[in-house]
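Encoded as structure tokens, the structure appears first; notes follow it.
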Amino acid sequence: MKYGRNEKCWCGSGIKFKKCHLNRSSMNKISRGDLESHHKKNNNVKYCSTPEHLHNECTKKMIKAHTISKSSSLKSIAQDGHVMGIKPSFSSLDQNNGCLKFERIGINSASTFTGFCSKHDAEIFSPIENQAFTPTKENCFLLSYRPVSREFYTKRNNSSTAELLKKMDQGIHEGLQLEVQMVAQLFSSGVDMALNDLDTLKSGMDEILSKKLFNEMSHYVFELNSIPLLNASASIFPDIDFNGNEIQDLLKPNANAIIFNCFASDEKGYFIFSWLNEQESIARKFIETLINKPDIEDRLVAFLFSYCENTFCSPLWWESLDFNAKEDIEKRVMEGASPFHARSKNTLSIQIPNYKAFSIKEHYRL
């Protein structure tokens, strides 16, 4: 289709065609150096994730906050100070032919983001950092506040990634530019929707923290028989349950979230789901279909690799897995990370490998 030089560009930028895509195919391609620079800049964004009214108390020092405790949890599964995990970056995808691969990551770098000042990180999370964890309403809330803050931090930074993706068709034949712009638009729309829903979740949790209304959140606790061989911490908007049934439409606004943490503390292990009381219905549907399964432990592991890139495992455990188990995990990781690998509706309900990552002692609602 021919466009006039002064017409609005077909890509939806709102800019005239002559200043947007007219000469796009002759421009220099975005280089790996550009991608690395962008990724590094995103990871170096620094601000404190506490409620806004506390910002006047912040120190100038913004720290690399661990969403998973380094001292009590990551160290428990590390080998020579390293755990196995993925680094979701443009460089990693390029080096591995578009796939995300597990690699050794130092525990000082694993599960960190510069999202809290030194004062608030120390003060707010002291109850779960400076003593053995016990599953109380307050402790479970604090445990869930970090991953939600990290998720919000990451999605805000992804807004700039969306702008970079729109430039990825520089130096590319005109016939492929439409495909690039479609992917960029899908990514941008997804980020915008997630940010809106995360803003609602984060605002609700900020109010709970400020007023200490810890009873406004509910939790489902799995106490484990020993230290789990993998750690994870994140929040998601679940669309399907463990039977493969849709429980909410993520294309509609005001999606309900569920937060989860798998970790060790004082030689004990826990897997905890958390949610706002007002978002009870989705969380209940999600968890009820899990606790009726005979292989809960393995389905929890499959869930983590399907929905959480912030998952780290013991190098010894990873090496002990057979080929089929590793292949299953890497497939799940790609389904959750790539728009070209659509996640199956049956991803949580199909037959699951025997991972042997942990065993459950008891489970209950808190």
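The main-chain N or O of A234 is never found under 3.5 Å from a side-chain atom of Y307 such that the two would form a donor-acceptor pair. Checked by atom type and distance alone, the side chain of D322 pairs as donor or acceptor with a backbone atom of A325 at under 3.5 Å. For the pair S49 (side chain) and G115 (backbone), a donor-acceptor distance under 3.5 Å is present. S72 places no side-chain N or O within 3.5 Å of a backbone atom of S265 that could act as its donor or acceptor partner. Side chain of T311 to backbone of C308: a donor-acceptor contact under 3.5 angstrom is found. Without hydrogens or angle criteria, N310 side chain to S233 main chain gives a donor-acceptor distance under 3.5 Å. Listed for the S73 side chain is no donor-acceptor partner under 3.5 Å among the backbone atoms of K70. A donor-acceptor pair under 3.5 Å is formed between the side chain of Q279 and the backbone N or O of A257. With Q177 contributing its side chain and I172 its backbone, the two residues share a donor-acceptor pair below 3.5 Å. The closest donor-acceptor contact from the side chain of H66 to the backbone of I107 lies under 3.5 Å.
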As a quick check of understanding, evaluate side chain to side chain contact (heavy atoms under 4.5 Å, CB included) for M217 and S144, giving each step before the final call. CA-CA 10 Å; M217 283 194 77; S144 63; 3.9 Å; yes
Run I329 and L321 through side chain to side chain contact (heavy atoms under 4.5 Å, CB included) and show every step you take. CA-CA 10 Å; I329 288 173; L321 295 175; 3.7 Å; yes
Side chain to side chain contact (heavy atoms under 4.5 Å, CB included), that's the test. Do Y355 and L304 meet it? Break it down for me. CA-CA 12 Å; Y355 292 118; L304 290 181; over 6 Å; no
F102 vs F305, ring-ring contact (aromatic ring centres under 6.0 Å, His included): CA-CA, chis, key distance, verdict: CA-CA 11 Å; F102 281 80; F305 287 117; 5.7 Å; yes
What's the verdict on side chain to side chain contact (heavy atoms under 4.5 Å, CB included) for V301 and K356, showing C-alpha distance, side-chain angles and the deciding distance? CA-CA 9 Å; V301 174; K356 297 181 180 179; over 6 Å; no
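Put simply, the side chain of N324 does not reach to within 4.5 Å of the side chain of P353, judged on heavy atoms. Counting heavy atoms from C-beta outward, L176 and D169 have side chains that stay 4.5 Å or more apart. Contact of the Y270 side chain with the V221 side chain is registered, since non-hydrogen atoms from C-beta on lie closer than 4.5 Å. Counting heavy atoms from C-beta on, the side chains of E129 and S69 come closer than 4.5 Å. Two residues are said to be in side-chain contact when any heavy atoms from C-beta on lie closer than 4.5 Å; W318 and K326 meet this criterion. Annotation: side chain of E223 is not in contact with side chain of K268 (no heavy-atom distance under 4.5 Å). Looking at I259 and M205, their side chains come closer than 4.5 Å, going by heavy atoms from C-beta outward. Residues I272 and L366 fail the side-chain proximity criterion, which asks for heavy atoms closer than 4.5 Å.
Between D199 and R156, none of the side-chain N atoms (NZ, or NE/NH1/NH2) sits under 4.0 Å from a carboxylate O, so this pair counts as no salt bridge. Salt bridge annotation for K155-E151: present, with a cationic side-chain nitrogen under 4.0 angstrom from a carboxylate oxygen.
Partners of K137 according to the side-chain contact (heavy atoms from CB on, under 4.5 Å) rule, which considers only residues two or more places apart in sequence or in another chain, are F214, N215, S218, H219. Not a single salt bridge (charged side-chain N to carboxylate O under 4.0 Å, His left out) links D266 to another residue, sequence neighbours left out. Residues satisfying the salt bridge (charged side-chain N to carboxylate O under 4.0 Å, His left out) criterion with D328, sequence neighbours excluded, are R332. Annotation: salt bridge (charged side-chain N to carboxylate O under 4.0 Å, His left out) contacts of R150 (sequence neighbours excluded): E309. Applying the side-chain contact (heavy atoms from CB on, under 4.5 Å) rule to M62 yields the partners K46, C48, C117; only residues at least two apart in sequence or on another chain are considered. Taking the side chain to side chain donor-acceptor pair (under 3.5 Å) definition, one finds that S320 meets it with nothing, sequence neighbours left out. By the side chain to side chain donor-acceptor pair (under 3.5 Å) test, S109 pairs with no residue at all, sequence neighbours left out. In this structure, K285 has no salt bridge (charged side-chain N to carboxylate O under 4.0 Å, His left out) partners at least two apart in sequence or on a different chain.
Using a 4.5 Å cut-off between side-chain heavy atoms of Ile, Leu, Val, Met, Phe, Trp and Tyr, with links allowed through other members, F271 and L348 fall into the same hydrophobic cluster. Grouping the Ile, Leu, Val, Met, Phe, Trp and Tyr side chains by contacts below 4.5 angstrom, directly or via other members, places I63 apart from F125. No single ILVMFWY cluster, assembled from side-chain heavy atoms under 4.5 Å apart, contains both M84 and F312. No continuous path of ILVMFWY side-chain contacts below 4.5 Å connects I68 to L230, so the two sit in separate hydrophobic clusters. No continuous path of hydrophobic side-chain contacts links M193 to I240 [ILVMFWY only; heavy atoms under 4.5 Å].
Ring geometry for F116 versus Y145: interplanar angle of 30 to 60°, hence tilted. F133 and F263 have perpendicular rings, their planes meeting at more than 60° on a 0 to 90° scale where under 30° would count as parallel.
Heavy-atom contacts from other residues, nucleotides or ligands closer than 6.0 Å to NE2 of H53 number more than 12. Heavy-atom contacts from other residues, nucleotides or ligands closer than 6.0 Å to CG of N28 number 12 or fewer. Crowding of M27 atom CE: a count of heavy atoms from other residues, nucleotides or ligands under 6.0 Å exceeding 12. More than 12 heavy atoms of other residues, nucleotides or ligands shown are found within 6.0 angstrom of OH on Y364. Within 6.0 Å of CD in E174 there are 12 or fewer heavy atoms belonging to other residues, nucleotides or ligands.
Remark: the S359 side chain and the N225 side chain contain an N/O donor-acceptor pair separated by less than 3.5 Å.
Note on residues 244-255: pairs passing side chain to side chain donor-acceptor pair (under 3.5 Å), not counting sequence neighbours, are E246-K345. Residues in residues 201-219 take part in these salt bridge (charged side-chain N to carboxylate O under 4.0 Å, His left out) pairs, two or more places apart or across chains: K202-D206, E207-K211. Among pairs with a residue in residues 221-240, those fulfilling ring pair (Phe, Tyr, Trp, His ring centres under 6.0 Å) read Y220-F222, F222-H363, at least two apart in sequence or across chains. Among pairs with a residue in residues 8-23, none fulfils salt bridge (charged side-chain N to carboxylate O under 4.0 Å, His left out), at least two apart in sequence or across chains.
Here the two rings, on F286 and F303, have centers that are under 6.0 Å apart.
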